[in-house]
Structures are given as C-alpha cells and as structure tokens.
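Here is the structure we will look at.
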Amino acid sequence: MLDTKYNHLDVEKDKYENWKEKGYFKCGDTSKEPFTIILPPPNVTGKLHLGHAWDVSLQDIMARYKRMDGYDVLWLPGTDHAAIATESKVVKKLKSEGINKYDLGREKFLEACWDWTREYGGNIRKEWAHMGCSLDYSKERFTLDEYSVKAVNKVFIEMYKKGLIYKGKRIINWDPEAKTALSNEEVIYKDTKGAFYHIKYFIEGTNDYLDVATTRPETLFGDTAVAVNPKDDRYKDLIGKNVIVPIVDRVVPIIGDIHADIDKGTGVVKITPAHDPNDFEVGNRHNLERIVIMDETAHMNEETGKYNGLDRFECRDKLLKELEEKDLLIGIEEITHSVGYSERTDVMVEPYLSEQWFVKMEGLAKDLINMQQDKDNKVNFYPKRYEKTIIQKAEECYDWCISRQLWWGIRIPIWYKNDEIKASVESPGEGWVQDKDVLDTWFSSALWPFSTLGWAMEDKSLFERYYPTNFMSTGYDILFFWVYRMMFQGEQFTGKNPFKDCYMHGLIRAKDGRKMSKSLGNGVEPIEMVEKYGADALRFYLTTSSAPGLDLRFDEEKLSATWNFINKIWNASRFTLMNIEDIKEINLDNLSFSDKWILTKYNDTVKIVRKNMDKYEFQNVGTELYNFIWSDFCDFYIEASKFDIDNEGTKSTLLYVLTGILKMLHPFMPFVTEEIYQMLPVKSAESIMISNYPKYEKKLVFSDTLELMNSIRDFITKARISKKDNNIKKDCKYTFRCSTDQKIENLICDMLKLTKENIAYQEEIDTFESISVDYDNHIFNANLVFYFEVSSEDKAKEQESLLKQKEVLESQIARREKLLSNQGYVNNAPKELVEEERTKLDNEKKELELINLKLKD
RNA sequence: GGAUUCUUAGCUCAGUUGGUUAGAGCAUCUGCCUUACAAGCAGGAGGUCGUAGGUUCGAGUCCCACAGAGUCCACCA
C-alpha cells in the first residue's frame with residue numbers, strides 16, 4: 001500500500017538503474033518503425049544547468065511517448081570536446097600548478113586534456129540519470145571518437161577538394177587570451193564606454209592638419225592611408241596629397257573611398273588594413289600595404305618602436321600621453337559604442353590579419369534556402385518563425401572561419417612540403433608537415449546527426465536505419481552555431497536535412513526576468529531542485545509552463561505546486577488501490593452513469609493529449625491532464641465512485657482510467673508513474689515504460705451520459721451554493737425530486753451529503769421557510785427544496801442574493817436574445833453553436849421565472 | 001537600420017484553423033480535520049486581455065498604427 005504522502009526521494013531511487021539494466025533504453029526492434037533523436041552534446045566537462053534539464057526533459061518526453069506508442073526509439077547520447085572551453089580550463093589548471101602549456105608541449109598537453117575529460121566526463125552521465133533520460137548508452141558518442149573524427153576528416157577533405165574550404169589571409173576576430181581565431185558567431189557585442197580620440201595628421205609640406213577620430217589610437221602604427229569621401233567638398237581637393245602619421249612619421253596618401261562617411265565623425269578615417277576588416281577592404285581597393293603591429297597576445301610588436309612589447313591598452317595610454325605632449329591630440333570625446341568580446345574568455349576581440357581556413361558559404365547557404373522551399377524535405381520548425389530566422393541567416397552568408405589555434409580538437413588534415421599542399425589524414429610521406437591548427441568545435445558538431453550514426457564508418461547500418469532523425473530540440477541561442485550548420489552539412493553530405501522537426505525552446509531566466517549567471521549569483525542548480533521536489537516535478541514544471549520558443553522564468557513556487565499535483569495523483573492512486581485490491585481483470589460491462597461519464601471524459605482527454613503531443617504543444621498537454629485528473633477524476637468521479645465502490649464496473653473504471661492517466665503522464669513524470677504502475681493489480685507490461693500509450697476508444701464514449709452528468713454536476717454545484725449562502729445547517733430538512741432515475745437521485749443526495757434524517761414531513765414544512773434549487777433541461781431535471789428556520793437577517797440575505805441572480809440572468813438573456821436575433825450570426829455560426837445558445841436562452845428564461853416567483857413571496 | 005517576441009487577475013503564466021460568461025498556479029477572503037490527499041475539500045472576490053483604429057454576424061485571437069519591455073542580425077573610423 002502506498003504511503004499517505006508522496007515521497008519523491010523514495011520513488012526515484014533505483015528505478016533508473018533498473019530500466020537501464022533491463023535494456024529498455026536500447027533501440028533495435030526492427031519490426032517497428034524507427035524514431036530517432038540525437039541529444040545535443042553538452043560540453044564533456046560541463047555541468048548540467050536548468051537549460052539542459054529543460055532540453056533533455058523535452059527529448060525524453062518524445063522518446064518515451066514514441067517508445068510507448070510502438071516505435072523503435074533511438075535516443076543517442078554524446079558529449080562535445082568543446083575545444084576552447086575545455087582547453088582554457090586545462091590551461092588554467094596547469095597554470096595553477098606553475099605549468100605553461102607551451103613548455104609542456106602539444107602531446108603532453110593533450111594527455112592532460114584527456115585526463116581532464118575522463119575525470120569530469122562521468123558527471124554529465126550521472127545528471128542524465130537524475131533526470132531520468134532514457135538514452136541508449138550503447139550508442140554513446142564523443143566528438144573526438146572514431147565516428148566523429150573519421151567523418152570530420154572525410155568532410156574536410158571532400159570540401160577542400162571541391163573548393164568549399166579554402167585558406168585565406170584575412171582580418172578575423174582574434175581572441176588574444178586563448179590566442180586563436182574565432183568565428184563571427186563567437187563574438188559577443190556589448191555596449192562599452194570608450195572615446196573618440198581626435199588626432200592631428202599633418203598634411204605633408206604644410207602646417208595644416210586633418211582631424212582624424214579613432215577609438216583605437218594604438219592602431220596608428222599600422223596606418224597606411226587616410227581616407228575621405230570623394231564627394232566630400234571639405235576634403236576632395238586633398239585626395240592625392242599625403243599626410244604624416246603622427247609619432248611614426250610615416251608619409252601616407254590621402255585617398256578617396258566611399259568607406260569614409262561624410263556624416264560620421266570628422267569625415268576623415270585612418271586606414272589600418274591589417275587591423276580592421278573595413279580598412280582591409282579599402283586596402284585591397286587601393287593596393288595599400290598591410291602592417292601588422294601586434295602579436296598574437298595583443299602586445300605591440302617591433303613595428304611600434306619603443307612601444308614594442310606593451311599590451312594594447314598600456315600602449316594606448318602611453319601613446320595618448322605622448323600625443324598630448326607633442327600637441328598632436330586635439331581632444332577626447334567620450335562615447336559608448338559596441339565592442340566585440342570573446343564568447344569564451346570574455347576578452348576584447350582584436351580584429352587581426354592572419355591566415356585561416358574558411359568554409360565558403362555562398363553555395364551551401366543557397367542550397368539550404370532551396371531545401372526549405374521543398375515541402376517534403378524541409379525542416380519543420382516549432383515555432384515556425386525560426387525558419388525565417390534561419391533563412392535570413394543564410395541570405396547574409398559570410399564565410400565561416402573554421403581554424404583555431406588550439407591543440408584540443410580535431411587537427412586539420414592538411415599537409416605541407418615546401419610549396420606543396422595535400423589534404424590527407426595520414427602523412428603523405430617524408431618531409432611533410434601537418435597544419436598545426438585544429439577545427440572549430442562546431443565543425444564536428446555540424447556533422448553530429450550523421451557522424452554519430454556511422455556515416456563515415458564501414459558499418460553504416462545505423463545510419464541507414466535511423467537517419468534522418470525525427471526530432472531535434474535545442475535552445476534558440478545556438479540556432480546559428482549549430483542548427484544552421486547541421487542543416488547545410490546534412491544537406492551537402494547526405495542529401496537530406498538531418499532532422500524533420502526542430503523544436504526550439506527559450507532560455508531559463510531568474511524570477512525577475514534576468515539571465516541566470518554566476519556573476520549575479522541567481523543561478524539555480526537543477527540537481528538541488530531534483531533533491532527538493534523530485535525530477536518528476538521538475539520535468540513536468542519545465543516542459544508545461546511555457547509556450548514553444550519563449551523564455552521561462554524559473555519560479556520555485558510553481559515547482560512546488562507541481563509537487564502538490566503529483567501528491568494529488570499519488571493519493572488518487574492510493575484511493576484507487578485501496579478499493580480494487582481484489583480485482584482480477586478489467587471488466588467494463590456493467591457501468592454506472594458516472595463510470596460512463598468519466599470514461600467519456602477520459603477518452604476526450606486521450607484524444608486531445610495525443611493531438612498536442614504530436615504538435616509538441618506540451619503546455620496544452622499539461623493543462624489538459626491537470627484539469628482532467630484534478631477536477632474530473634479526483635474532485636468529481638472519485639467522490640461519486642465512493643457511493644458505488646462495490647460495483648465491479650466502477651472498480652474496473654477506476655483502474656482503467658488510473659492506468660491511462662499514469663501512461664499519459666509517464667513521459668513527463670517517469671518515476672512516480674512507474675512506482676504506482678508496479679502496484680496495479682492488473683497490468684499488461686512489466687514496466688510502464690514499455691506499456692502501450694492510451695488510444696481513443698470509441699466504444700467507451702457515451703455522449704448522452706456526458707451531457708447528463710454535466711447537467712447533474714451543474715445542479716450539484718448550484719445546490720451547494722444555495723446551501724452555503726443561506727447558511728443551511730446539517731439538520732435542515734429537504735424534499736428532493738429528480739425525474740430521471742432513482743440512481744441519479746441517490747448520487748445527488750450522496751454528493752450533497754443529504755441524509756435520511758433530513759427528509760422533511762409535510763406538517764413540519766409548513767412552519768419552515770424554504771429555498772429551492774431547480775434544474776431543468778431536455779435530458780435532466782431536478783428540484784431540491786430546503787426547509788429551515790430562518791432569521792430576518794437570513795431572509796434579507798436571500799432576497800439580496802436573488803436580486804443579484806436576477807440581474808445577472810437578465811443581462812445574459814438580453815445578450816443572448818440580441819445574439820440570436822442577429823441574422824448574420826444565425827446564418828454563419830456553426831449550427832450546433834446556435835442550437836446551444838437557444839437551449840441556454842430557454843433555460844435562463846425558466847430560471848428567471850422561478851426567481852421572480854420567489855421574489856414575490 | 002532590418003527581423004522578431006512579449007504586454008491577459010496582486011504576482012508568474014496558459015489561452016494554436018476567430019465562436020458559451022477569458023483560464024490555471026501562488027497570494028487573498030469565507031466555511032470545513034468529510035475515513036485518498038489540510039501540501040487537502042467546498043465556495044467567494046479579483047480582468048473594459050498595453051492604447052487607438054480596421055476586417056467580421058462575432059476579435060484576447062486576424063490586419064494597421066502607436067507606446068513600453070526584451071532578443072537576434074547588421075553597422076559601430
């Protein structure tokens with residue numbers, strides 16, 4: 001027997017291990033249709049945060065739902081080596097031990113990374129287990145395992161040969177702390193306080209100068225021109241003349257270029273082709289020299305004379321001082337402007353000229369756009385609007401910088417010998433040297449949906465069976481990092497989109513709407529919440545509390561309310577189990593009105609739940625189940641069943657409906673549903689995980705009963721209000737007439753807790769005041785009269801309440817009459833709706849008559 | 001500059017082909033320890049659905065404008 005209270009700690013203990021041992025998580029039943037989900041691989045040394053908990057819950061819901069519904073489900077787990085993130089952690093750790101990465105050397109450093117990975121890699125698996133994720137661990141992958149590395153090499157070489165990957169000298173975003181190039185996506189722009197420094201650039205051979213404004217004065221060492229707009233009347237005559245770059249005293253030309261904006265700043269721009277992407281373009285147009293003035297750590301190099309060796313910001317300070325001393329600084333104008341920071345290290349990104357590998361995006365992006373036009377092969381986004389976002393991204397289409405000057409990652413399969421270049425995994429022979437760089441983590445992630453399934457392996461059976469995948473779920477924050485890239489790589493190498501449906505969820509925010517972050521200290525640990533309320537509550541709360549694509553404000557009170565809901569389910573189960581111990585089989589032949597009613601309601605619920613599950617509208621599923629279970633099943637049906645509990649049909653109904661409830665809840669709350677399922681006296685499977693998902697059963701739908709019982713329920717509610725409003729005591733007397741059926745009369749008496757002692761005798765009645773509750777429609781009518789002693793105060797109260805009722809009724813009748821006299825409504829609205837309105841109007845009129853009668857007394 | 005989301009009860013949010021009197025949790029008020037559950041039960045109060053127009057027989061829902069809040073992309077000498 002169940003305890004009186006739900007204890008999530010007991011319930012969630014050991015179940016996961018048991019499921020895993022039984023092999024329920026494994027795919028492979030080829031008699032069934034496959035259903036595939038690939039888990040977005042978290043950073044191998046990372047920690048599960050609430051966003052992950054949300055993400056894995058969504059996927060587990062789909063995995064469990066489809067598994068129960070007869071599919072061969074593969075939910076494939078894996079982790080990502082997370083190049084920069086992991087490498088920077090290992091560097092930091094070594095540093096604390098007084099070890100420098102470069103002194104240690106590449107091989108030993110990689111060993112340290114592997115050690116780190118092994119040490120922390122298990123954590124994430126424990127967290128999946130806490131959350132109840134039904135992952136097939138026999139297929140677990142890592143972005144540095146054979147599956148991934150082979151695919152990455154194959155893809156790289158093929159793209160290189162097709163000219164889709166090229167090496168180029170360009171301005172890229174440089175992270176001076178991690179000492180690597182970054183892609184545009186890895187740069188985060190933040191509003192930063194800075195200044196326009198106005199500097200004098202003297203025109204050669206004159207005492208006149210140009211006022212050049214810059215936010216990065218230290219780059220003047222790399223200036224090789226000054227540009228003005230050719231249409232700018234102020235300066236156009238100067239084009240062709242030269243200016244002298246201050247401090248370095250270099251003579252550089254004044255050029256005319258549209259890049260110089262007449263309205264911006266002073267209209268004069270210094271051109272530093274090696275340190276600014278726009279200037280780089282200008283430099284190309286005018287054949288300007290590119291002078292690199294910094295090293296890879298953003299310290300000034302030998303080009304800067306006495307500033308050589310200084311950090312960029314230190315150099316800026318000292319340079320400004322010197323400019324001031326030499327009267328070359330016109331002024332400083334403080335501004336707030338947007339500056340790029342590295343996503344991982346949070347240092348200011350430096351635009352930096354270097355040689356890097358790029359993916360040529362034009363053709364790939366076009367293919368992606370075309371694929372989305374194809375109804376049968378497109379990715380369906382949930383919510384839909386993300387498709388537009390993806391398309392826009394594809395239309396912008398700038399090349400993707402994929403080389404990283406790191407060691408932890410997949411090394412670029414390119415070999416050099418003198419001037420020769422070869423693409424190959426193995427060394428082409430003696431004297432060949434491999435490219436030192438590794439690939440962007442996201443390059444391997446982009447292949448993840450097919451690399452994990454053995455696309456590059458000899459045995460392609462998994463790929464053939466489970467690709468393309470069915471469901472992808474992820475936060476919108478990695479739409480461009482990942483979803484976009486998976487799409488074009490999938491299309492390019494498999495000819496198909498890697499997933500059919502892509503569900504985007506939002507971010508988890510703190511209760512005040514701010515982002516959860518370490519610096520604000522407002523983060524919530526999912527594991528703490530699991531300990532406090534259970535994984536079941538956390539999963540249900542996270543997945544049913546917001547609409548797709550929207551952020552979720554984490555509210556512990558709501559999580560606690562979810563716990564209460566589970567406690568309610570627990571107790572409803574407890575009641576059911578207490579009353580059906582002796583049942584041997586479910587027999588739904590001999591059913592009462594309320595049995596038929598709950599079965600009908602239940603089947604409606606099954607239908608709506610399935611519909612919404614298939615559309616990933618989990619918040620609707622949540623609302624539907626919550627209302628059905630709490631309001632219909634617990635508050636009404638269980639109460640009604642108490643008076644009929646010895647009936648075989650009622651016992652069967654209780655068990656049948658409870659079983660269905662547990663099954664529909666199972667994807668959301670796997671642990672508690674399994675706990676209760678195991679105690680059911682009649683069940684079809686050894687675990688709820690592998691039982692069948694409920695189906696709509698037409699033969700268990702009794703529409704007439706639905707209508708009847710809804711009316712009865714209405715009547716009971718009304719009678720209850722009357723009882724209370726008029727302060728009727730338990731010992732009052734009543735007479736009760738119900739025209740339909742003796743059973744219904746009994747049920748109503750029971751539900752209203754009216755007992756034989758309350759029956760009134762005629763002679764008594766005469767001396768008592770009375771109130772009555774009437775209900776009359778075409779399938780059910782009843783009349784309940786309470787007789788009781790009443791004070792003048794009570795009587796006044798009743799009058800007041802009747803007048804109020806009258807007022808409400810009259811306004812409703814007026815509204816409905818207006819509606820029904822509207823020909824447009826009568827002609828256009830659905831017939832049933834109009835008919836319903838008519839019935840209601842009739843009822844309301846009858847009710848009003850009764851009230852008027854009572855008011856006359 | 002472009003795109004996009006949000007604005008519904010005191011608070012946090014649902015409301016998906018337009019159709020009863022707009023729902024829930026928490027908080028609040030009234031009455032109940034009724035033998036599944038007081039972390040509960042039975043009720044009550046609380047909303048002119050951001051503002052102003054339009055389409056429609058009918059708008060929280062569709063369209064337009066405006067206001068406020070947020071996010072993404074581009075630009076940022």
Side-chain angles (χ1 to χ4, degrees), chain A residues 2 4-6 184 189 191 194 196-197 212-216 219 226-227 259-261 264-272 276 278-279 282 335-340 383-386 388-389 392-393 396 398 476-477 479-480 506-507 509 511 513 541 544-555 557-579 612 615 617 619-620 622-623 626-627 630-631 634-635 638-639 642 717 720-721 723-725 727 753 808 811-812 815-816 819 822-830 832-834 836-837 840:
Chain A
L2 300 180
T4 50
K5 263 181 194 141
Y6 163 56
N184 293 5
Y189 287 89
D191 279 343
F196 267 138
Y197 300 96
V212 177
T214 177
T215 53
R216 290 162 43 206
T219 59
V226 163
H259 168 58
D261 188 333
K264 217 169 196 176
T266 57
V268 186
V269 192
K270 64 190 210 58
I271 302 297
T272 321
D276 182 278
N278 289 307
D279 293 5
V282 177
I335 54 157
T336 299
H337 61 145
S338 177
V339 177
K384 227 174 182 167
R385 73 185 114 93
Y386 286 105
K388 199 174 171 185
T389 315
Q392 267 172 1
K393 172 79 179 177
E396 256 167 39
Y398 42 78
Y476 61 68
D477 52 327
L479 190 66
F480 299 147
L507 301 178
R509 296 179 176 275
K511 208 184 166 183
Y541 163 65
T544 62
S545 298
S546 74
L550 296 185
D551 291 349
L552 175 77
R553 290 195 193 192
F554 187 79
D555 184 350
E557 278 184 358
K558 277 197 170 183
L559 179 56
S560 161
T562 307
W563 189 97
N564 290 354
F565 176 46
I566 301 178
N567 188 51
K568 187 74 183 174
I569 297 160
W570 181 266
N571 273 290
S573 307
R574 189 162 173 268
F575 171 84
T576 304
L577 291 169
M578 279 166 71
N579 289 292
N612 282 291
K615 292 194 296 182
E617 299 280 354
Q619 79 289 357
N620 291 351
T623 309
Y626 187 94
N627 290 335
W630 206 308
S631 166
C634 294
D635 290 346
I638 283 188
E639 290 308 320
K642 284 178 182 173
T717 306
R720 269 180 187 146
I721 293 168
K723 270 179 87 178
K724 203 201 123 229
D725 280 0
N727 202 21
K753 302 203 179 352
V808 172
S811 78
Q812 277 178 16
R815 194 188 58 82
R816 238 182 276 280
L819 186 66
N822 180 340
Q823 281 309 305
Y825 174 77
V826 177
N827 294 336
N828 296 318
E832 314 88 72
L833 211 66
V834 177
E836 221 175 293
E837 288 290 323
K840 273 177 195 159

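Side chains included, hydrogens not; waters and symmetry mates left out as well; all remaining heavy atoms used. The chains referred to below are lettered A, B, ... by the order of the sequence lines, with proteins before strands, and numbering in each begins at 1.
In terms of modelled atom types and a separation under 3.5 Å, the side chain of A:D276 and the main chain of A:T272 share no donor-acceptor contact. Distance alone, capped at 3.5 Å, places no donor-acceptor pair between the A:R509 side chain and the A:L552 backbone. Looking only at distances, no side-chain donor or acceptor of A:N620 sits under 3.5 Å from a matching main-chain atom of A:N612.
Here A:W570 lies out of heavy-atom contact (under 4.0 Å) with every strand. Base contact: A:S338 has a heavy atom under 4.0 Å from a base atom. Within the nucleic acid shown, A:Y398 comes within 4.0 Å of sugar-phosphate atoms alone, with no base atom in reach, counting heavy atoms only. Within the nucleic acid shown, A:A227 has no heavy atom closer than 4.0 Å to any nucleic acid atom. Across all strands, A:K270 comes closer than 4.0 Å to no nucleic acid atom at all (heavy-atom distances). Across all strands shown, A:Y189 has heavy atoms under 4.0 Å from base atoms, whether or not it also approaches the sugar-phosphate. Using a 4.0 Å heavy-atom cutoff across all strands shown, A:Y626 reaches sugar-phosphate atoms only and no base atom. At the heavy-atom level, A:K642 lies under 4.0 Å from base atoms of the strands shown. Residue A:D261 is in base contact, counting any heavy-atom pair closer than 4.0 Å across all strands shown. Residue contacts for A:N278: at a heavy-atom cut-off of 4.0 Å it reaches the sugar-phosphate backbone alone, with no base atom in range. Among the atoms of the strands shown, only primed sugar atoms or phosphate atoms (P, OP1, OP2) are found under 4.0 Å from some heavy atom of A:N567.
Among the nucleotides B:C13, B:G43, B:C41, the one closest to any side-chain atom of A:W630 is B:C41. Nearest nucleotide to the side chain of A:P830, out of B:G19, B:A36, B:G25: B:G19. Among the nucleotides B:G19, B:A14, B:U12, the one closest to the side chain of A:Q619 is B:A14. Picking from B:G25, B:G15, B:A36 the nucleotide with the shortest atom distance to the side chain of A:A547 gives B:G15. The side chain of A:H259 has B:C76 as its nearest neighbour among B:C76, B:C37, B:G25. When distances run from any side-chain atom of A:Y476 to the nucleotides B:A36, B:U71, B:G25, the shortest one goes to B:U71.
A:E396 contributes atom CD, which lies 9.5 Å from atom CG of A:N184 (distance to the nearest 0.5 angstrom).
Of all non-hydrogen atoms in A:S546 and A:D551, the two that sit nearest each other are CB-O, 4.2 Å. Shortest non-hydrogen contact noted between A:D279 and A:K270 is OD2-O, 3.3 Å. Shortest non-hydrogen contact noted between A:A213 and A:F196 is CB-CD2, 4.1 Å. When all heavy atoms of A:Q619 and A:P548 are compared, the pair lying nearest together is OE1-CD, 3.9 Å. What you find for A:A260 and A:A227 is that their closest heavy atoms are CB-O, 3.8 Å.
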Pairs under 3.5 Å (N/O, protein and nucleotides 57-65 of chain B):
residue, atom, partner, partner atom, Å
B:C57, O2', A:N822, ND2, 2.2

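The partner of B:U71, taking Watson-Crick or G-U wobble pairs whose two distances both stay under 3.5 Å, is B:A3. Remark: B:C41 base-pairs with B:G31; criterion is Watson-Crick or G-U wobble with both hydrogen-bond distances under 3.5 Å. B:A65 is paired with B:U51 under the Watson-Crick or G-U wobble criterion, all donor-acceptor distances under 3.5 Å. Pair check for B:G58 finds none; no Watson-Crick or G-U wobble contact set falls under 3.5 Å. The partner of B:C26, taking Watson-Crick or G-U wobble pairs whose two distances both stay under 3.5 Å, is B:G10. B:U17 is unpaired under the Watson-Crick or G-U wobble criterion, no partner having all donor-acceptor distances under 3.5 Å.
The gap from the C1' atom of B:G18 to that of B:G43 amounts to 33 Å, rounded to the nearest Å. With C1' as the reference atom, B:C33 and B:G40 are 10 Å apart, rounded to whole Å. Of the C1' atoms belonging to B:C66 and B:A52, the separation is 8 Å, rounded to the nearest Å. Comparing B:C63 with B:G19, their P atoms sit 15 Å apart, to the nearest whole Å. Taking atom C1' in both B:U71 and B:G15, the straight-line distance is 23 Å, to the nearest Å. Comparing B:C64 with B:U55, their P atoms are spaced 15 Å from each other, to the whole Å. Remark: the separation of the C1' atoms in B:A24 and B:C62 is 26 Å, to the nearest Å. Going from the C1' atom of B:G47 to that of B:A9 covers 5 Å, rounded to whole Å.
Between the C1' atom of B:C41 and the CZ atom of A:F575 lies a distance of 15 Å, rounded to the nearest Å. The CH2 atom of A:W563 sits 13 Å away from the P atom of B:C26 (whole-angstrom rounding). Between A:E836 atom CD and B:G19 atom P the separation is 14 Å, expressed in whole Å. As a whole-Å value, the separation of A:E557 CD from B:A39 P is 15 Å. Rounded to an integer number of Å, the gap from CG of A:N564 to C1' of B:C26 is 10 Å. Atom pair A:I566:CD1 and B:A39:C1' shows a separation of 12 Å (rounding to whole Å applied). The interatomic distance linking A:R553 (CZ) with B:A14 (C1') rounds to 15 Å, in whole Å. For the pair A:I638 CD1 and B:A42 P, the computed distance is 12 Å after rounding to whole Å.
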#### Entry: Footprint string (nucleotides 3-8 of chain B, 5' to 3'): B base within contact, S backbone only, - free, heavy atoms under 4.0 Å
SSS---
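With contacts defined as side-chain heavy-atom distances shorter than 4.5 Å, the pair A:I335/A:T215 qualifies. Between A:Y476 and A:L507, some side-chain heavy-atom pair lies under the 4.5 Å cut-off.
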Mind listing the side-chain donor-acceptor pairs of residues 557-565 of chain A below 3.5 Å, one per line with the distance, residues two or more places apart or on another chain?
residue, atom, partner, partner atom, Å
A:T562, OG1, A:K558, O, 2.9
A:W563, NE1, A:H8, ND1, 3.0

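Side-chain atoms of A:E639 and base atoms of B:U34 include no donor and acceptor less than 3.5 Å apart. A donor N or O paired with an acceptor N or O is not found under 3.5 Å between the base of B:C26 and the side-chain atoms of A:K558.
A:K568 forms no cation-pi arrangement with A:Y6, by the criterion of a distance under 6.0 Å to the ring centre and an angle within 45° of the ring axis.
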### Message
Using the rule given for side-chain contact (heavy atoms from CB on, under 4.5 Å), can you reason through A:T266 versus A:V212, listing the C-alpha separation, both sets of side-chain angles and the distance that settles it, and then say yes or no?
### Response
CA-CA 7 Å; A:T266 57; A:V212 177; 5.6 Å; no
